[in-house]
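What follows is a set of notes on a single structure, which appears directly below.
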Amino acid sequence: MTTSTSPTSSSSPLAERLAAVRAGIDDAARAVGRSPAELTTIVVTKFHPASLVRELAALGVRDVGENRHQEAQEKSAELTDLELTWHFVGQLQSKKARQARRYASVIHSIDRFSLVDALRSDESDVDAFVQLNLTDDPARGGVADRDLEPLVEHVLDTPGLRLLGVMAVAPLDEEPARAFERVRASSDRVRALAPEAAAISAGMSQDYREAIAAGATHLRIGTAITGNRPGVG
Ligand SMILES: *Cc1c(COP(=O)(O)O)cnc(C)c1O
């Protein structure tokens, strides 16, 4: 990619990390015979100030992700001039759902009927992923495996939501490659109900290569690009 090697953009540590991740994504895609052009890289900027998002935009980033409603709302309001695509990737309270629709173009964390109902709209569509819970812990967010089809059917029946596919976070105690094979199997089940909902949002800083190998289309990458989150270490 020409942007990753241009002298101006390689001058900051942020630019260098972005270029390194872009190169890593390209390599991982080619290694499994996929085109990097099929992949959307979302830079997850949670905990970082709006100024960092602005720097990323200057480096060519178009898709950014946030996981807390209030922070996302504030940053997106401050950066409307950049015309970025905001992805909401965190757990979303039903009572905040309508507000999140206003700035988020894509919501990756649809995991229950009440949230689907709260996102209903007869005026506009928002892109949506159904989030899978790959653990046995309901607090992790995501729909339990046995509830996948009913939730997908409810999304498909609800005006205002355009189902793109499935989203997941690999559990800490499982090999990512194994976890992402499970995601792929769930994606097949979703496509049996909605053939066009073929996208897979999976892969973070530590496991995006495995996710690409398993068919991920949307990567959500934070620290490998942004550096450590302030106050989080
Ligand atoms: C923070 C976050 C990411 C990015 O994680 P990194 O390990 O920093 O790449 C991706 N997805 C979700 C849902 C997140 O909350």
Side-chain angles (χ1 to χ4, degrees), residues 13-14 16-25 28 39-50 52-53 55-56 59 61-73 75-76 84-93 96-97 100 103-112 115 127-135 137-143 164-177 179-180 182-183 186-187 199-233:
L14 183 67
E16 280 166 21
R17 287 191 300 265
L18 178 63
V21 170
R22 282 175 169 161
I25 290 169
L39 305 173
T40 300
T41 300
I42 300 151
V43 183
V44 179
T45 50
K46 62 192 185 200
F47 299 105
H48 288 281
L52 179 122
V53 182
E55 280 179 68
L56 286 165
L59 295 166
V61 168
R62 304 310 314 157
D63 291 271
V64 294
E66 290 285 335
N67 75 336
R68 295 187 303 179
H69 165 64
Q70 197 183 333
E71 182 181 344
Q73 191 176 40
K75 274 192 230 170
S76 59
L84 296 169
T85 298
W86 293 85
H87 297 251
F88 193 84
V89 304
Q91 291 187 36
L92 184 56
Q93 290 178 282
K96 306 289 184 194
Y103 57 80
S105 302
V106 193
I107 296 177
H108 289 239
S109 45
I110 308 286
D111 63 356
R112 58 196 192 279
L115 181 56
D127 287 337
F129 286 90
V130 164
Q131 181 179 355
L132 311 169
N133 186 349
L134 301 181
T135 75
D137 178 2
R140 304 294 287 179
V143 63
L164 295 189
V166 295
M167 177 276 213
V169 176
L172 292 173
D173 60 357
E174 182 177 4
E175 282 289 321
F180 294 139
R182 295 202 282 139
V183 174
S186 295
S187 169
I200 298 179
S201 167
M204 313 189 350
S205 292
Q206 300 306 321
D207 58 21
Y208 69 80
R209 293 173 190 79
E210 291 88 346
I212 290 169
T217 57
H218 291 65
L219 313 169
R220 307 178 313 269
I221 303 192
T223 48
I225 294 172
T226 63
N228 286 336
R229 294 186 263 273
V232 184

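Counting starts at 1 for both ligands and their atoms, in listed order.
- Separation of atoms CG (Leu14) and CD (Glu55) is listed at 5.5 Å; rounding is to 0.5 Å.
- Distances from ligand 1 to the non-hydrogen atoms of Gln206 include no value under 4.0 Å.
- Which of Arg220, His108, Lys46 comes nearest to atom 2 (C) of ligand 1 through a heavy atom is settled by distance: it is Lys46.
- Within a 6.0 Å sphere centred on CZ of Arg62, other residues, nucleotides and ligands contribute more than 12 heavy atoms.
- In this structure, the side chains of Ile221 and Ile25 come closer than 4.5 Å at one or more pairs of heavy atoms.
- Within ligand 1, counting atoms from 1 as listed, the ones closer than 4.0 Å to a heavy atom of Ile221 are 9 (O).
- Only the side chain of Arg229 comes within 4.0 Å of ligand 1, counting heavy atoms alone; its backbone N, CA, C and O stay farther away.
- Between Met204 and ligand 1, not a single N/O pair is under 3.5 Å apart.
- The line from CZ of Arg68 to CZ of Phe88 is 10.0 Å long, rounded to the nearest 0.5 Å.
- Within 6.0 Å of CD in Glu174 there are more than 12 heavy atoms belonging to other residues, nucleotides or ligands.
- Looking from atom 9 (O) of ligand 1 to the surrounding protein, the closest heavy atom is Ser205 OG, 2.5 Å.
- Nearest approach of Arg209 to Ala28, heavy atoms of both residues: CG-CB, 3.9 Å.
- Closest to atom 13 (C) of ligand 1 among all protein heavy atoms lies Val89 O, 3.4 Å.
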